[in-house]
Amino acid sequence: MELGKTYNPREIEEKWQKFWVEKNLYQAGKDKSKKPFVIMMPPPNVTGTLHMGHVLNNTLQDIYARYMRMKGYDVLWLPGVDHAGIATQNVVEKELAKEGKTRFDLGREKFLERVNEWVEKYEEIIKFALKRLGCSCDWSKYRFTMDEIMSKAVLEAFVKLYKKGLIYRGKYIVNFCPRCETTLSDEEVEREETNGKLYYIKYPLIKGGFITVATTRPETMLGDVAVAVNPDDKRYKNLVGEYAILPFIKRKLIILEDEFVDPEFGTGAVKVTPSHDFIDFEIAKRHNLPFVTVMDTKGIINEEGGEFKGLERFEARNLIIEKLKKLDLLEKVEDYKIILGKCYRCETIIEPYLSEQWFLSMREMAKKAYEAGEKEEVKFYPPSWKKLYDQWLLNIKDWVISRQLWWGHRIPIYYCKDCDNLMAEIQKPLRCEKCNSQNIVQDEDVLDTWFSSWLFPFSTLGWPDRNELLERYYPGSLLVSAWDILYFWVARMIMAGLEFLESVPFRDVLIHGLLRDEKRRKLSKSLGNSPDPLDLFDKYGVDGVRFSILSIAPEGRDIIFSVDKMKIGRNFCNKIWNAFRLLLSYVEENKVFKRELPYELELEDKWILMKFNETLNRVNSGLESYDYPEVAKIIYQFFWLNYCDFYLEAIKDRLKDIKRKEKALKVSLIVFENFLKLAHPLIPFITEELWHRLPFKQEKESISLESWPCVFDINFEKEKEEFEFLIETVNLIRELKGIYNIPSNEKVNVFIKEKKDKRFFELLQLLAKSSTLEVEPTENFLGYVVNGKELLVTLPMGVNIEKEKQRIKKEIIELKNLIKDLERKLTNPEFLEKAPEEVIRKTEEKKKIFVEKLNTLTKYL
RNA sequence: GGGCGGGUAGCUCAGAUUGGUGAGAGCGUCGGCUUUACAAGCCGAAGGUCGUAGGUUCAAAUCCUGCCCCGCCCACCA
């Protein structure tokens, strides 16, 4: 393949993506002598395609998978997809709605067939996208949360917890989504402040007069069973024990006292609706009040609602208000900010609803998970996220695990129709253990999706079977997750690990932010601000997108995303591509180099090797501390600023010289190869491609199987300094040329008052374009100080040297001020007494440098 | 109501753990380059009272306190 001027990733990506997958390159367990390293993939939902958040998440995982593999670990990165109960059921129901059908038209079995069709399609779409992203997963171990292996674990977990007494059934008030017609856990409800109204309603008293209650949801009044006031509220003392009459329904409502009521709010009197409000539910239990449910699962008023029966909840609200007005029972209406709970899957306003559900008792498990955090058995990066984790665990409530859905793991509870016996079994019992009846039915509900995902770290490995996989790869090592599922998933996985296998499922939790658009809104399909990653891959290359998103992601915080920023990575890949083209153009065909550094190295060689060592060390520590934006930055700067801008420019003369070419090529290629390895975890495709094209003998079939680079065993500290002086000198000349519009090929002569070897001047000439050494100039020159060394520069004819003198004068004034400041400091007895010796020494040195500089500038002015 | 994160150049962010280098980078802007790898490039310039008011200190972007903005999480004021 010809190397085009511009990097065209498409073909290259396809080639390697296929190669990696087909060769099963990343299958875990190939070499059991290696230490295992396990990365826990947050399984994407089967609901739709991959989005940019997944790209960031999986890129980070891939970086660690590839890095640890190169460091000699046996990496297991098991890919999975989540069945996403509510979400998937919703999308399939939406599809059905287009055909004018509901799931009830199809029936449970047919509906599930339909869902399975969807799943099969989207599973493939997701797998495809992950492969395209370059994820080095072990595809032979792919799992889906509804497949047999994982379902078995779900049932096992349920039965175990049930038999331990942690799972219980009860009639409680829960969050209910009337659109999805299912329960939601507290975590699945998103709260949002909205402009609402506070209605003041007068309830007539039996003994005459009224008591006014305030409510934001008047329709729930149909289910009122009492009115509550604070025991300390003197206003209502005389009414306690009396009765009010509920308008429309004519129910007698007792007026009672409850600590909970805040006398400051509203009228200080609260209507009590036990079936439709969390607090009222508690009050009712305390006072033994009856429960009156006035809505069905769709949010429609039922027969308890009398004349309002059949109305949708908000229609009922409006009608009730209207009628109250007519009856003169509506005292007033105020604007009021209310916090509404919404379904996290469909944004419908949730309804607190009294129903029979299955709960998992969390207290004990949460305590253990909290302790594991305290003992640092699991660590969060950045560590500030631990606070949130703690906060949730310490205030945990029991988990509603039943869902009134069809798509999911059906609850393994069986009822005997004949004797009401209840059995929790993995397989349907043939007979009732009590009455021997065969008339047995399974619970209709399914389990919360998260009840399967929380087992992911071990259910994917075949738990509850004690097998080799589980023995070897549990507990895992690293979890990379966005912060929004810290509660849903991360904390629960830790609890599950401790509960079922007595150890935390992973040591490190790397938390990253959510992607937002420039208006700080979350990227979402419905807002239309969420670009399709596959489109971006086409436009900017997979590596380009991977690299860009890493560079713009601040550690642990949300990321302001814009398509335009994808250029960062694309341009970087292009730069790498072209640097390679340059090198390769000097390599003769079929020439193979040995990976040995030449004995004699030039100044620039020594510098770039030193720079590489420095870069490697920084990349290592960046990766170890999960500072991924820093890693991207270091790699970018090394390659662009050091390797391309200076090193490659510096060896150009040698490359063109037949006699000196070989050594220059060798060093540059060796550094290039090491750079490719360093960058490979971040940008796997281009590095793989170029690595194969390097004129070295490659033992391995992929760069990803190579070992991670180690530092060159060299120490050229002096040469490094020398080269840095050279860079500064070059910068000075470039600056002068820039300011005075001196064409770059015009000569600017530099005289350095210090012996330099020949190569130094060659490089100066090369890098500053045609500036050359002369003997000490006698006229038309100015003095400068670079890195403490004195140089004389003559400017070409035609340059307004007076202007330059003005510029230098300005600098002199600045310098004088600085020196004055330093002097003040150095004559301050307190400073001399209290500041550390090192600081004083440095200050003195600095002053000395400034003074020397000042002298030089003045001397030649 | 409780808690967390943030406010540094036009924009996006480093620097803050451990106070001491003339406050940095990328993008954007402006000016100059057909320089034989790359215009997705090269060279240069301009641009900052480090949110604000105090305090501690010889010395504060950095530590402490108050305040002001912005974002988020949790919470039973109907």
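Keep in mind the model is a prediction, meaning the values are calculated, not measured. Convention: sequence-line order gives letters A, B, ...; per-chain numbering from 1.
Considering only side-chain N and O atoms, K575(A) lies under 4.0 angstrom from the phosphate OP1 or OP2 of C42(B).
Listed by chain and number, the residues in a ring pair (Phe, Tyr, Trp, His ring centres under 6.0 Å) with Y236(A) amount to none (sequence neighbours excluded). Not counting sequence neighbours, the partners of K661(A) by the salt bridge (charged side-chain N to carboxylate O under 4.0 Å, His left out) test are E588(A). Considering only residues two or more places apart in sequence or on other chains, I279(A) meets the side-chain contact (heavy atoms from CB on, under 4.5 Å) condition with F260(A), D277(A), I283(A). Here D627(A) pairs with nothing under the salt bridge (charged side-chain N to carboxylate O under 4.0 Å, His left out) rule; sequence neighbours left out. Listed by chain and residue number, nothing satisfies the salt bridge (charged side-chain N to carboxylate O under 4.0 Å, His left out) test with E728(A) (two or more places apart in sequence, or in another chain). A search for ring pair (Phe, Tyr, Trp, His ring centres under 6.0 Å) contacts involving F675(A) returns F639(A), not counting sequence neighbours. Listed by chain and number, the residues in a side chain to side chain donor-acceptor pair (under 3.5 Å) with R654(A) are E604(A), D605(A) (sequence neighbours excluded).
Distance from the side chain of N731(A) is smallest to G44(B) among A37(B), G44(B), A40(B). Of the candidate nucleotides C38(B), U12(B), C73(B), U12(B) has the atom lying nearest to any side-chain atom of K565(A). The side chain of K5(A) has A39(B) as its nearest neighbour among G41(B), U35(B), A39(B).
Backbone-only contact: Q637(A) has heavy atoms under 4.0 Å from sugar-phosphate atoms and none from a base. Contacts of S585(A) with the nucleic acid, taken as non-hydrogen atoms under 4.0 Å apart, are absent. When heavy atoms are screened at a 4.0 angstrom cut-off, R520(A) is found touching the sugar-phosphate backbone but no base atom. Residue K522(A) is out of contact with every strand shown, counting any heavy-atom pair closer than 4.0 Å. Within 4.0 Å (heavy atoms only), I560(A) reaches sugar-phosphate atoms of the nucleic acid but no base atom. Among the atoms of the strands shown, only primed sugar atoms or phosphate atoms (P, OP1, OP2) are found under 4.0 Å from some heavy atom of D645(A). Nucleic acid contact class of C644(A) (heavy atoms, under 4.0 Å, all strands): base.
Not less than 6.0 angstrom separates the ring centroid of Y336(A) from the ring centroid of Y200(A). Residues F537(A) and F685(A) keep their aromatic ring centres 6.0 Å or farther apart. Under the 6.0 Å cut-off for aromatic ring centres, Y7(A) and W577(A) qualify, their centroids lying closer than that.
Between the OG1 atom in T843(A) and the NZ atom in K848(A) there is a gap of 13.5 Å [rounded to 0.5 Å].
In terms of polar N and O atoms assigned as donor or acceptor, the side chain of K652(A) comes within less than 3.5 Å of the base of A37(B) in a complementary pairing.
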Check the pair R693(A), E689(A) against salt bridge (charged side-chain N to carboxylate O under 4.0 Å, His left out), reporting the backbone distance first and the verdict last.
-> CA-CA 7 Å; R693(A) 288 172 176 270; E689(A) 173 71 19; 2.7 Å; yes

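Separation of the P atoms belonging to A46(B) and G2(B) is 49 Å when rounded to the nearest angstrom. Separation of the C1' atoms belonging to G10(B) and G19(B) is 31 Å when rounded to the nearest angstrom. As rounded to the nearest Å, G51(B) and U17(B) have P atoms that lie 15 Å from one another. Distance check on atom P: A37(B) versus C42(B) gives 13 Å, rounded to whole Å. Annotation: G28(B) and A40(B) have their P atoms spaced 11 Å apart (nearest Å). Atom name C1', nucleotides U56(B) and G66(B): the rounded distance is 15 Å, in whole Å. Rounded to the nearest Å, the gap between the P atom of A14(B) and that of G26(B) is 16 Å.
Side chains of D224(A) and Y203(A): a donor on one and an acceptor on the other come within 3.5 Å.
Counting to the nearest Å, the P atom of G26(B) and the CZ atom of F639(A) are 17 Å from each other.
For RNA chain B, the residues of residues 732-741 of chain A within the heavy-atom distance limit of 4.0 Å (strictly under) are R734(A), E735(A), G738(A), sorted by number.
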Dot-bracket notation for RNA chain B is requested: 5' to 3', Watson-Crick or G-U wobble pairs only, both distances under 3.5 Å, with ( ), [ ], | and . as defined.
-> ((((((((.[[[[.)....(...]]]].(((((.......))))).....[[[[[..)....]]]]])))))))....

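Remark on RNA chain B: of its neighbouring residues L641(A) and S744(A), the 5'-side contact belongs to L641(A), judged by nearest-heavy-atom nucleotide.
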What N/O pairs connect the protein and nucleotides 74-78 of chain B at under 3.5 Å? Give each pair on its own line.
| residue | atom | partner | partner atom | Å |
| --- | --- | --- | --- | --- |
| C77(B) | O2 | D262(A) | OD2 | 2.4 |
| C77(B) | N3 | D262(A) | OD2 | 3.1 |
| A78(B) | OP2 | Y336(A) | OH | 2.2 |
| A78(B) | N6 | D262(A) | O | 2.9 |
| A78(B) | N6 | F265(A) | O | 3.4 |
| A78(B) | N1 | D262(A) | N | 3.3 |

Restricting to nitrogen or oxygen on both sides, can you table the protein-nucleotides 14-21 of chain B pairs closer than 3.5 Å?
| residue | atom | partner | partner atom | Å |
| --- | --- | --- | --- | --- |
| A14(B) | OP1 | R557(A) | NH2 | 2.3 |
| A14(B) | OP2 | R557(A) | NH2 | 3.4 |

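For residues 537-550 of chain A, the salt bridge (charged side-chain N to carboxylate O under 4.0 Å, His left out) pairs, not counting sequence neighbours, are R10(A)-D538(A), D62(A)-R546(A), R132(A)-D538(A).
K842(A) and E838(A) are joined by a salt bridge, as a carboxylate oxygen and a charged side-chain nitrogen come within less than 4.0 angstrom of each other.
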